[in-house]
Each structure stands twice: as C-alpha cells, then as structure tokens.
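All figures in this text were calculated on a predicted structure; none of them were measured in a lab. Every chain is numbered from 1, with letters handed out A, B, ... down the list of sequences.
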Number of protein chains: 2
Amino acid sequence: MATSSTEISDLLRERILSGEIRPGERLQQIPLSESLGVSRTPLREALAILTNEGLLIYEPNRGYTVRSFSLDDVLAAFDVRARLEALACGLAARRGLSSATRRVLAECVVRGDRILSRGTLDPNDLGPYRQMNVEFHDAIIQAANNRYVTDFVRQCHNVPLASDRIFVWEDYEVIKRSHDDHRRIAEALSERDGERAEYLMREHVYFAGQVLKHSLDQGLQQKRAKFNMAAVEVL
Amino acid sequence: MATSSTEISDLLRERILSGEIRPGERLQQIPLSESLGVSRTPLREALAILTNEGLLIYEPNRGYTVRSFSLDDVLAAFDVRARLEALACGLAARRGLSSATRRVLAECVVRGDRILSRGTLDPNDLGPYRQMNVEFHDAIIQAANNRYVTDFVRQCHNVPLASDRIFVWEDYEVIKRSHDDHRRIAEALSERDGERAEYLMREHVYFAGQVLKHSLDQGLQQKRAKFNMAAVEVL
DNA sequence: GCGCCAGTTATTGGATCCAATCCAGCAAGC
DNA sequence: GCTTGCTGGATTGGATCCAATAACTGGCGC
C-alpha cells in the first residue's frame with residue numbers, strides 16, 4: 001500500500017498512463033484516499049505533483065481531472081524526444097562510452113537480431129523487443145549524463161501511449177527498420193561519431209512518431225481496442 | 001500574501017532563483033509557514049511541487065533543502081535549451097509566423113539596435129536589453145506551439161543564473177554578437193528558412209552558455225558579489 | 001411546461017492535532 | 001578521553017476538523 005506522497009503519485013501516474021484511470025475522469029479526494037488507504041493530506045501532495053507534471057488539470061474549488069492528450073500533444077512529445085535523444089547521443093559520443101554501456105548496447109543489438117531472425121514477428125516477441133528497446137534508449141541517455149535530458153525524456157513518456165514506445169509497431173518491417181537504426185546508432189557511438197549518431201537517433205525517434213501517427217490515422221478503432229489506448233483522445 | 005499552493009510555490013521559486021533563499025538552506029515547515037502566513041498543509045503541497053521540479057531535495061523525515069547547482073548543471077541546461085529553442089525555430093518556420101509574432105520580433109530587433117547604437121553599454125541599458133531578450137525568445141517559443149518545448153525551456157530557466165539570461169554579458173561585444181544573432185534569426189524565420197533559423201538559434205544559445213562558463217572561470221569572486229550568484233555553487 | 005431562485009448537500013481548502021522519527025546533549029562504561 | 005547508549009526536544013508525516021465554495025435539488029413564479 002502506498003504511503004508517502006511520492007509513492008502515491010507514482011502509483012497514480014502508472015494508473016493514468018496505463019489507461020486504468022481515463023482522461024477526463026475526475027479524481028475526488030475522499031473516495032480516492034479511501035481506496036488507496038491513505039488520508040487526504042499526502043494524497044493532495046501527490047495530486048499537486050501530478051498536476052505540475054501536466055497529467056492532471058486543476059481548477060480551484062473544483063478539484064482535479066485527468067488531462068486529455070490530443071494526437072498533436074503526443075506528436076509534440078516525439079518531436080522533443082527526437083531532439084533530446086539526439087543530444088544524448090552527441091553528449092555520450094563526446095564523453096566516450098563506458099565499457100558497461102558498450103556492452104549493454106551490443107547486447108541489445110544481439111537480442112534484437114535474435115528476435116527478428118525468423119523473418120516474422122510473433123505477438124510473444126513484442127514484450128521482449130519492447131524491453132530491449134527501453135534498455136537501449138535508457139543506456140544512451142544515462143551515458144549522456146545530462147540531468148535535464150534524463151528528466152525531460154522521462155516527462156515525454158508521461159504521455160499516454162508514448163510510455164509504451166513500441167506497441168503500435170506490430171509490423172515486422174517497421175520493427176526491422178527500427179532495429180537497424182539501433183545497430184547503426186550503436187556503431188556510430190562506439191566509433192565516437194557523435195554527428196552521425198545524433199542524426200540517426202533524431203530520425204529514429206521521429207520515424208516512430210510518424211508510424212504512430214499513421215497507425216492512428218487508419219484503423220483507429222481496432223487499435224484503440226487492441227492496445228487499450230483509452231488514455232489518448234484522438235481528434 | 002500567498003494563499004494557494006501554486007502561489008506559494010511560485011513565490012518560493014522566485015526567492016530561490018533570485019538567491020534570496022540560498023542553496024543548501026533547510027526549509028523548515030513551521031517557521032516558513034509562519035513567515036508566509038499560511039498553514040503547513042498548502043505549504044507542503046508547494047514544497048512537493050518544487051521538489052518535483054528539482055529545485056529542492058527531499059529526505060523522508062528530514063525535510064526539504066534547497067538544491068545546489070553545479071556549473072555543470074547550468075551548462076547542461078544550456079545544452080538542452082539550445083536544442084529545444086532550435087526546434088522551436090524549426091516548428092515556427094514550418095507553421096509560418098503570425099503577423100503579431102513577426103511584429104514582436106521586428107520590434108525586438110529595433111529595440112536592441114537602439115540600445116547598442118551608441119557603441120558602448122550603460123549599466124542602465126542592461127535591464128531593457130534583458131527584457132527585450134526574454135520577449136524575443138518567448139515569442140519564438142510561443143510561435144512553435146509545442147507544449148513540451150514551452151514547458152521544458154521554462155524548466156531550464158529554473159536553474160539559478162539561467163533565469164536571468166543575460167546578466168553575465170556585461171561586455172558590449174558579447175551583447176552585440178548576441179543581438180546580431182537575433183537579427184539573423186528573425187530574418188531566417190520571416191523567410192521561413194527553418195534550417196538556418198535552427199542552426200543560428202542553437203549556436204546562439206550555446207554561445208550564451210560558453211560565455212557564462214568563461215565568465216565564471218575567471219574572476220569568479222567579483223561576479224558572484226556583483227550579480228548575487230548566491231544560488232550557484234561553482235565547483 | 002420551462003426557467004429561475006433558494007436551500008441543501010457534497011467537496012474542496014486550510015488549520016490543527018497527534019504520532020512517529022530524528023537529532024542533540026548528556027551520562028555511563030570501556 | 002573516547003565511544004556508546006539513552007533521553008528530551010524538535011520536526012516531520014498523516015489524520016482529522018472546520019470553513020468556504022460550488023454543484024444539486026426542489027420549489028416557486030412566470
């Protein structure tokens with residue numbers, strides 16, 4: 001059971017991003033505090049934090065509601081992530097990779113290769129691929145050692161949908177292209193070619209955003225159901 | 001007198017950024033709430049927000065202290081701002097400037113020209129120049145219409161020092177170069193040359209960071225005293 | 001029948017209260 | 001003399017209480 005305000009905000013954030021708590025939903029303090037088993041005081045601190053993060057909307061004397069994200073919001077986050085993760089590549093290349101980071105990246109490439117080696121994609125493969133993807137990006141961001149990059153990229157994932165970086169890429173070709181990007185990025189980084197790594201990463205993330213956009217443009221309804229995109233309001 | 005939690009956090013943020021409350025200082029809830037004329041409950045919400053923003057450090061059962069920023073932290077913020085404001089230029093160029101934005105930028109150029117026309121710089125000119133500088137950058141960021149850019153750039157200014165974008169540039173040549181950048185950026189934007197505007201803005205902000213770095217490297221003590229850089233811990 | 005007004009209820013906002021934790025100072029033992 | 005353990009004070013953390021504001025319902029008038 002959550003007790004401190006940060007634990008409460010972490011829990012609520014998760015529920016919002018997962019779609020368990022839906023956009024537009026009102027968060028009433030008393031019922032919520034009872035269901036969480038805490039009093040209103042720490043809950044209110046948590047709500048203030050989430051509002052500050054942009055996940056909730058606050059109106060004085062009217063309370064908190066879950067914010068709705070438009071497709072434009074989501075794409076805006078991808079634009080920013082593309083630049084920030086590119087910067088991360090540049091910084092990481094300039095600093096030089098630690099052997100640990102180098103190892104993680106190499107491992108990620110191998111894991112991806114293995115998953116994609118059959119030439120088709122099982123639904124069961126999505127989870128492991130997703131995990132690998134997260135580790136790959138996180139390793140680079142960590143290597144950049146820039147507090148603001150780390151923070152802001154995390155905040156970019158505080159948009160429903162973006163938190164699961166891959167789950168609209170059910171297409172084998174799309175994932176393959178993405179993984180090829182990874183390979184090239186890892187290569188450029190280990191050669192300390194910051195410029196190239198930057199360029200590749202920027203396009204890599206931007207591409208993901210475009211795929212998402214097109215996925216949503218066509219066949220919206222099915223995907224909503226399939227991937228529980230409850231938390232995204234598409235205009 | 002501040003009453004709501006956001007007003008309290010705004011007030012405290014200002015005091016921290018201005019150096020009135022110094023880094024490392026402990027913020028005790030009871031004395032602080034008394035001096036602010038509010039009770040501890042809204043104050044605690046405000047402290048939670050500021051902690052989430054990275055301005056305070058929180059340790060359970062030990063309370064809140066003002067975070068110390070290293071020179072590296074400040075430079076990290078400049079790196080990020082350089083990329084984000086460059087992105088803003090790209091987005092603004094793609095969208096096309098509104099006539100209002102165009103007018104603001106043109107006006108900023110004229111105001112800067114006037115300030116710099118004498119070939120020297122009065123201490124009295126710093127205030128107006130600073131104001132103009134802020135308006136210039138804000139106009140572009142607004143024109144970009146990307147929620148995350150807006151938010152994150154603001155957060156980048158939540159680093160003591162960076163909140164006053166100019167005040168180490170007491171040098172005429174430095175300000176002149178900066179203003180020439182502005183002119184070229186405005187030009188590129190009105191021609192919808194996003195690429196060029198991006199490049200120029202990135203270098204413009206990066207340059208500011210470098211100037212700051214060098215200013216601090218040499219003659220640190222005097223500047224600390226002169227500009228009340230209390231809130232920055234330089235390592 | 002529809003809309004406006006008033007009283008009631010529910011919810012938020014701020015203050016206070018009590019328990020739990022931490023820190024400082026002191027004392028006793030090694 | 002130094003370290004270690006205890007105790008009292010202070011501070012934080014969570015719960016509760018009361019006031020203020022807003023939404024809701026019912027009644028009244030048009």
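B:Arg15 pairs by the salt bridge (charged side-chain N to carboxylate O under 4.0 Å, His left out) definition with B:Glu20, not counting sequence neighbours. In terms of the salt bridge (charged side-chain N to carboxylate O under 4.0 Å, His left out) criterion, B:Arg147 has no residue partners (sequence neighbours excluded). Remark: A:Asp73 pairs with A:Arg67 by the salt bridge (charged side-chain N to carboxylate O under 4.0 Å, His left out) rule, at least two apart or across chains.
In 5' to 3' order, the nucleotides of DNA chain C bounding all contacts with chain A (an atom under 4.0 Å from a heavy atom) are C:dT11 to C:dG14.
Nearest-nucleotide positions on DNA chain D place A:Ser5 closer to the 5' end than the other of A:Ser5 and A:Arg40.
For the pair A:Ile30 CD1 and D:dA23 P, the interatomic distance rounds to 16 Å; values are reported in whole Å. Protein atom CD of B:Gln28 is 18 Å distant from nucleotide atom P of D:dG9, rounded to whole Å.
With B:Glu25 contributing its side chain and B:Arg22 its backbone, the two residues share a donor-acceptor pair below 3.5 Å. Side-chain atoms of A:Thr101 do not come within 3.5 Å of backbone N or O of A:Leu97 as any donor-acceptor pair.
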- Intermediate values then yes/no, salt bridge (charged side-chain N to carboxylate O under 4.0 Å, His left out), A:Glu85 and A:Arg202: CA-CA 7 Å; A:Glu85 295 207 38; A:Arg202 183 169 142 182; over 6 Å; no
- Message: A:Arg83 vs B:Glu198, test: salt bridge (charged side-chain N to carboxylate O under 4.0 Å, His left out). Steps then yes/no.
- Response: CA-CA 12 Å; A:Arg83 304 302 178 116; B:Glu198 281 203 28; 2.8 Å; yes
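Note on residues 26-38 of chain A: pairs passing side-chain hydrogen bond (donor to acceptor under 3.5 Å, both in side chains), not counting sequence neighbours, are A:Gln29-A:Arg40.
Using a 4.0 Å cut-off on heavy atoms, the residues of residues 55-63 of chain B that approach DNA chain C are B:Asn61, B:Arg62, listed by number.
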